[in-house]
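Chain naming here is simple, since letters A, B, ... match the order of the sequence lines and numbering starts at 1 in each.
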Amino acid sequence: MNARSAAATHSNTPVVSMRHVGKVFPGVIANDDITLDIRPGRVHCLLGENGAGKSTLISILAGMQQPDTGWIEIDGQKVNISSPRSAMDYGIGVVYQHSTLISTMTVLENLMLGVTGGAFLNRESARSRLTEISAMLGVEIDPDAEAADLALGQQQQVEIAKAMWKGSRVLILDEPTSMLAPQAIADLDASVERLTKDGIAVIFITHKLREAYSMGDEVSVLRRGRLIASIDAETLEGLSEEKFTNAVLAAMFGDDISAIGDRNDVELLSGAKVATKVRTKSSRSDEKLVLHLADVTTPSTPTEFGVSNVSLKLRAGEVIGVAGIDGHGQSALAEVVAGQVRATSGSVFLDGDDVTKLGVRARQELGLRYVTDDRLHEGIVTDLSVALNLLLKQIGKLPYWKRGQISKPDVDAEATRLVEAFEIRTPSIHARAGALSGGNIQKLLLARELSHQPTVVVFNKPTYGLDLKTVNRVRKIVKDFAEQGGAVLLISTDLDELVELSDRVAIISRGRLVGEVENNSPDTARQVGEFMVGSAHSEGNHV
Amino acid sequence: MSNPISDATGMIPLPSDGQSKLSKVMETLVRTILPVVLALLTSVVVLIVIGKDPWFFYSEVFRYGVMGNGWQQTIRLMAPLLLYSAGLIVVFRGKLWNLGYDAQYLLGSVVVAGFSPMLIEVMPLWAAFTVSLIMGTAAGAAWTLLPAALKARYGTNEIITTLMMSFIGIGISNMLVRGPFQNPDIHVPQTRVLPVADMFPQIPGTRIHIGIIISVVVVLIIHLLLTRTSFGLRLDVFGSSPKTALHVGINSPQMILILFILSGALIGLAASVDMLGYQGNLRANINPGYGAAVLPFVFLGRLNILTTIPFVAFYCILDTGGRLASLDSGLDTHFLMIVIALILVFMSVIEYFGVKKDLGQSYLPPGLRRAVTGLFDRGARA
């Protein structure tokens, strides 16, 4: 279908074949009778919603899980990929969604971590191997740069080098593009193209249709653990983008498609269209200033940056998006606003009052809410009921608790109201919260944080890992909240989401806000991308 | 691709409804009763192997522990043990491990044993009881303060600090018995003996002192506090995840202090009740070891005070009856501790299988499983 027709020059014999692969987790069929061929020199796109079973399929190929049924063939031979190590020995390399680089180590040190055999580190041979791989990828990687100094696109190239370190035949890229700016996606595209020309098979996992169309040679669609549709290279070549979108959307969602939203929503959510700002009403600069961070610094941990000298002004009805590579101070930013982390210097003002010394509960009472990204371990108590989780932040308060005793009718009535208002699908308000699906847990958190008069809400990766229907719903909730005069700090690793919802996008890098882009032109994603590339060594401009 | 289990929560559930209510009840029964049954069966085997008659032994246990006046002895023993269990449950529910219980108990005992003979001389009996109970309770609570403060302020591992404080506390209580509280009339290191007339009165018609009433009332109040109040719910949130507690806005340092103090206080109260109701004096180097005895049972009772009560009753029968039964059978009284240890062992084993079952994992440990499946794989790969 595209320049990558060079694929045809390679043999058509599959390098990896999955045969009737099935995997069941307690209560869930993750993979059901999946048969799939991966051919050398091709980019095989794996499409599907969150929870469709893509990750499980990949973890089976990567040797992290064993299939319950079915088997895998490599070069026509039945094999047992019993561990990540044996996957590597078979030439299967994986680049995960989350960075696996250690930010305080250099590129070379990171690459040598995975090398075993021989008690001594051999820097010189590592250096020449890196040069080799860099040449294959068509990129330049500074072996002595610290991992944290690299832009996301460069980090990903290092991850690819790491995956191919032992000589890869199959490269798996797990949703590599969600935070990449258009330029970086183009670079990745170019690297992938070079690899396929060398006969390497690439499995590209995404939920963005436009990338699948532009980058894929073959496309497979998963839904509810089953392989619903496969589009081979010849067919794909003959399809227009519109027909492709229609076919894939029908396969991905079947009859559920109307439940997700209207056609425009679906195309935006599935990445068939380029994201544009969806909010019509924007806040004016004369609105009341509700949240003000003045030169705030928090301690860093060995694995995550704190924030340093962050200043930020958020007005009523405004959405400020925060873009950046995961782990660059986003959580610290959210937590210092929420009061879960104390600022070592600087001040936090809420409605003009200094709240730096106030704790979490006091700030909640002033209308500040935090929708955490760690939904399962921080957001809810899995063993408590849905009702109690909905009122977790009201414990001991009237009218739900009277003289220290729970008032069951009041709690149940409020829980029932919230379950209905936010369409939380639960067998009952007394069911264990941990038994809910990821999407419903997020709806529970939103219901809790957006009730009882919030004025400022920090959303940390609010749609991460959710099914598209819930993603749509969550984005609408954020949008509605802002339109009703709420102030929103939206932290996200999905650039499309930031472009859709924000008035301004601030870029965070190494704990500093390094730039800010006014979201009023179709060019926002590219501009944000420029800050992310150039951010590594620049000084922190305050927003 | 993080953890497949948490990823799985977003996926499509199987058609079946999962567990029925009945099978859940069954599972709870299996997990709580089975360890006790297996431990008793194993002890029967042990008895046979060492040439004793298990039937005789256990019928003697029953005879001395329940029949005749045995049940009164059993209930007398339950008074401190129920309070003790409540003291452990309170902190354990917060996933804080107060292992300094021995010192907290002994310091409570020594303070009551040392001061109550003097108090009785200067004030009415009811006032002396009240002051003694308060002093014993305070002594137990005081001994948790340092570990609690370290945990709350610096996150210091409380297992280590409470254990270390336990050694110090046991030493201090022995010093007190040999020093200021030494009975001047005798040379054996022990405190003055409380006259029976100046101890807790007995419930009319029985030989059970009123300590059991104090114990039951206090334990029920604690149970209500843990299960019915906003404090109990906060404690559960704190116990299930400190991260959630911070997110919700629970004052964790305060919670840590409260839980430790409450725990130490209940253990100190247990010691005071036993001292005023039954022991009457304290000898040096004596440690009743109640903590180690009730420890498995608070876990078998799932850290719920009401479900722990039958287990404590079971232990008290075993203890009261077992001491005499051991003598009759010519066994060492430590045989009982073997039974307790066996309960712990079987509890761990059954919990392991239960957790594996919940996670849907193989019952075999990974290494063993690889070794077993590896035999077949080798054939497949070749």
Return yes when atom CZ of A:R432 has more than 12 non-hydrogen atoms of other residues, nucleotides or ligands closer than 6.0 Å, and no otherwise.
-> yes
Give, as side chain, backbone, both or neither, the part of B:S240 having an atom under 4.5 angstrom from any heavy atom of chain A.
-> side chain
NZ/B:K243 to CG/A:D374 distance, rounded to the nearest 0.5 angstrom?
-> 3.5 Å
Turns out that what part of A:R363 lies under 4.5 Å from chain B's heavy atoms comes down to neither
Around atom CZ of B:R228, are there more than 12 heavy atoms of other residues, nucleotides or ligands at under 6.0 Å?
-> no
Chain B contacts, top residue of A:G379, A:G404, A:G396 (heavy-atom pairs, under 4.5 Å) = A:G404
A:Q340 versus chain B, the contacting section by heavy-atom distance below 4.5 Å | both
Around atom CZ of B:R302, are there more than 12 heavy atoms of other residues, nucleotides or ligands at under 6.0 Å?
-> yes
Top of A:K23, A:R361, A:E49, A:E175 for chain B proximity - count of heavy-atom pairs under 4.5 angstrom | A:R361
Largest heavy-atom contact set with chain A, pairs under 4.5 Å, which of B:L225, B:V237, B:L233 | B:L233
Counting only heavy atoms closer than 4.5 Å, note whether A:Q442 contacts chain B via side chain, backbone, both or neither.
-> neither
Region of A:L384 that comes under 4.5 Å of a non-hydrogen atom in chain B = side chain
Are more than 12 heavy atoms from other residues, nucleotides or ligands located less than 6.0 Å from atom NZ of A:K461?
-> yes
Side chain, backbone, both or neither: which part of A:I380 has an atom under 4.5 Å from a heavy atom of chain B?
-> backbone
Residues A:I395 and B:R234: closest non-hydrogen pair is O-NH2, 3.2 Å
Checking A:N440 against chain B: side chain, backbone, both or neither under 4.5 Å from a heavy atom?
-> neither
Where is the tightest heavy-atom contact between B:T244 and A:H377, given as atom of each residue plus distance?
-> OG1-O, 2.9 Å
Would you indicate whether the side-chain heavy atoms of B:D236 and A:V381 approach each other to under 4.5 Å?
-> no
Heavy atoms only: give me the nearest A:W401-B:T229 pair and the separation to one decimal.
-> NE1-C, 4.4 Å
